[in-house]
Protein chains: 2
Amino acid sequence: MIQIKLNEKIYIKDPETSELGRMIVSDSITLIDKWGLENFTFRKLSKEINSTEASIYRYFENKYQLLAYLNSWYWNWMEYRVNFSINNIVDPYAKLEIIIELLTQPIERDPNFTHIDEKALHRIIISESAKTYLRKNVDETNKEGYFKSYKSLTKQLANIIREITPEYKYAESLISLIIEGGHSQVYFADHLPSLTNVNEKNCSLVEFCKDIVFSVIKKNK
Amino acid sequence: MIQIKLNEKIYIKDPETSELGRMIVSDSITLIDKWGLENFTFRKLSKEINSTEASIYRYFENKYQLLAYLNSWYWNWMEYRVNFSINNIVDPYAKLEIIIELLTQPIERDPNFTHIDEKALHRIIISESAKTYLRKNVDETNKEGYFKSYKSLTKQLANIIREITPEYKYAESLISLIIEGGHSQVYFADHLPSLTNVNEKNCSLVEFCKDIVFSVIKKNK
DNA sequence: TTAAAATGATAGTATTACTATTGCATTTGT
DNA sequence: ACAAATGCAATAGTAATACTATCATTTTAA
């Protein structure tokens, strides 16, 4: 049995250690997905799981810390998927192609983690995750390790780009541009379609991103 | 004398029509830049300008509408700058190069608009603007015209890309990727530097973005 | 100069984001 | 088997937020 273990200070009490903790995590995904972070409160969550606000506050300082926890879970899970998928592949081009697919394709439920709805979590990542770092306290929360999972995955993927083009100066930027920009593209396709071509006929985010990455690599080889 | 005129329903009463309105706009830029959108309230703004909450509510429904107003102002201003800068230039490559510079270089104060601090506004665009559309009511606010300026500029810039590569399918996506991803890169450089190479030695956002756009165009020509 | 519009002053409401305390129930170590 | 520790529910309370309403006063424009 696999468990995503988050060791940083992104919780007060580890929600994986109790039934209540797991309910907080799984039901917060449902509620944030449904109502958005703005309209999500610990009061509503406590009613949903037949518990109390005070109990939830024993696990997370506030809803932003809970969101950061979900974020970290997601990026740890993504790292696990990446490592699983590129295992035994030696050609860095092939690795990179798989990675871009993992980062930009629609998400499927992972039966390894029964209490996490990965499709709903992915929607949250797309529309809410930036709110963890777009805050005035970002430098503190960064020190607390809120973004460790995201940073470590970015570093790993940048290294694969450098396997192909060691002298390319923007490997980390290219990865984070694809991730962050890719999230925008998915969101725009759903809500502001004149800002994107994704979801037009014969167009896909995967194709768009692969084209960018391999064009840049080719030119900088 | 030039004035940025925003005709859509992104205000209750046009702030350009009164002294109080102009103070609301200029001082909200100062306060949002300083405290962030989360800690910015109409109460604080009213004290800053020696007015009352009720008066501010006569101009804007809430702080998100005010932020949308600032956004629209910014993108209208950018469109004006783009048109000014590419005027009389025929070569689409040269046009595109200038456009990428305008979109990704640091902003300077524009003496044409004395009550707007464009440098502060640019910081707000980078760290707060996504909060206008990352909301559950995005489809309504989109209908109200909150994003019209941004969409019209994107369309115009995409058309310039199509002057070079008419068959490229992702012109709008490439523009919005550079804009949104570019904002992330600037923010990361300031707060999460391990996610970007921007600001490392001999690295710049302008160079990174030009390389991407011209690599993609070259490959798709 | 007079009516209309804009603004200021004040008050009030529902909700949010917490914090504190108490007491019961269950688990754990010995 | 018993004490201690932990986990959780219940309740109450506070300061701030995001508004809305009313009415008096000032400014402006015909």
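So that the names make sense, note that chain A is the first sequence line, chain B the second, and so on, each numbered from 1.
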Within the structure shown, what part of the strands sits under 4.0 Å from B:Asn39 by heavy-atom distance: base, sugar-phosphate, or nothing?
nothing

Does A:Arg58 or A:Glu53 map to a spot on DNA chain D nearer the 5' end, using the closest nucleotide for each?
A:Arg58

B:Thr41 side chain, from C-beta outward: closest of C:dT7, D:dA18, C:dA17:
D:dA18

For B:Asn137 and D:dA18, what is the distance between atoms CG and P respectively, to the nearest whole Å?
15 Å

So which nucleotide from D:dA18, C:dA17, D:dC8 ends up closest to the side chain of B:Tyr57?
D:dA18

What is the separation between atom CD on A:Glu38 and atom C1' on D:dT17, rounded to the nearest whole Å?
14 Å

Sidechain N-carboxylate O distance under 4.0 Å for B:Lys34, B:Glu48
no

Length of the line joining B:Glu61:CD and D:dT17:P, which is rounded to integer Å
21 Å

As a test of reading the structure: which of C:dG8, D:dA18, D:dA10 is closest to the side chain of B:Lys63, going by heavy atoms?
D:dA18

Please check this pair: side chain of B:Lys63 against backbone of B:Leu37, looking for a donor-acceptor N/O pair closer than 3.5 Å.
yes

For D:dC8 and A:Ser51 - does any side-chain N or O of the residue sit under 4.0 Å from the phosphate oxygens OP1/OP2?
no

Using 4.0 Å as the upper bound for N to carboxylate O, is an ion pair formed by B:Lys169 and A:Glu200?
no

Could you state the atom-to-atom distance from CG of A:Leu45 to P of C:dC18 in whole Å?
14 Å

Here's a test of your reading of the structure: between A:Arg43 and A:Tyr59, which maps to the more 5' nucleotide of DNA chain D?
A:Tyr59

Rounded to the nearest angstrom, tell me the gap between atom CZ in A:Arg22 and atom P in D:dG7.
14 Å

Within the structure shown, what part of the strands sits under 4.0 Å from A:Tyr64 by heavy-atom distance: base, sugar-phosphate, or nothing?
nothing

Please state whether the phosphate of C:dT7, meaning OP1 or OP2, lies under 4.0 angstrom from any side-chain nitrogen or oxygen of B:Ser18.
yes

Which nucleotide, C:dT16, C:dA20, C:dT7, lies nearest any side-chain atom of A:Lys44?
C:dT16

Any idea how B:Phe42 and B:Phe40 line up, ring-wise: parallel (<30°), tilted (30 to 60°), or perpendicular (>60°)?
perpendicular

Which whole-number value in Å describes the distance from A:Asn50 CG to D:dG7 C1'?
17 Å

Send over the distance from B:Ile24 CD1 to C:dT7 P, rounded to a whole Å.
8 Å

Using a heavy-atom cut-off of 4.0 Å across all strands, would you classify B:Phe42 as base, sugar-phosphate, or nothing?
nothing

Could you pick out which residue, A:Ala54 or A:Phe40, lies toward the 5' side of DNA chain C when each is mapped onto its nearest nucleotide?
A:Phe40

Could you work out which one of D:dA18, C:dA17, C:dG8 sits closest to the side chain of B:Ser55?
C:dG8

Measure from CZ on A:Phe60 to P on D:dC8 and round the result to the nearest Å.
13 Å

B:Tyr74 vs B:His122 aromatic rings, parallel, tilted or perpendicular, using cut-offs 30° and 60°?
parallel

Salt-bridge criterion met for B:Lys131 and A:Glu38 (N-O under 4.0 Å)
no

Is the shortest side-chain N/O distance from A:Thr52 to OP1 or OP2 of D:dA10 below 4.0 Å?
no

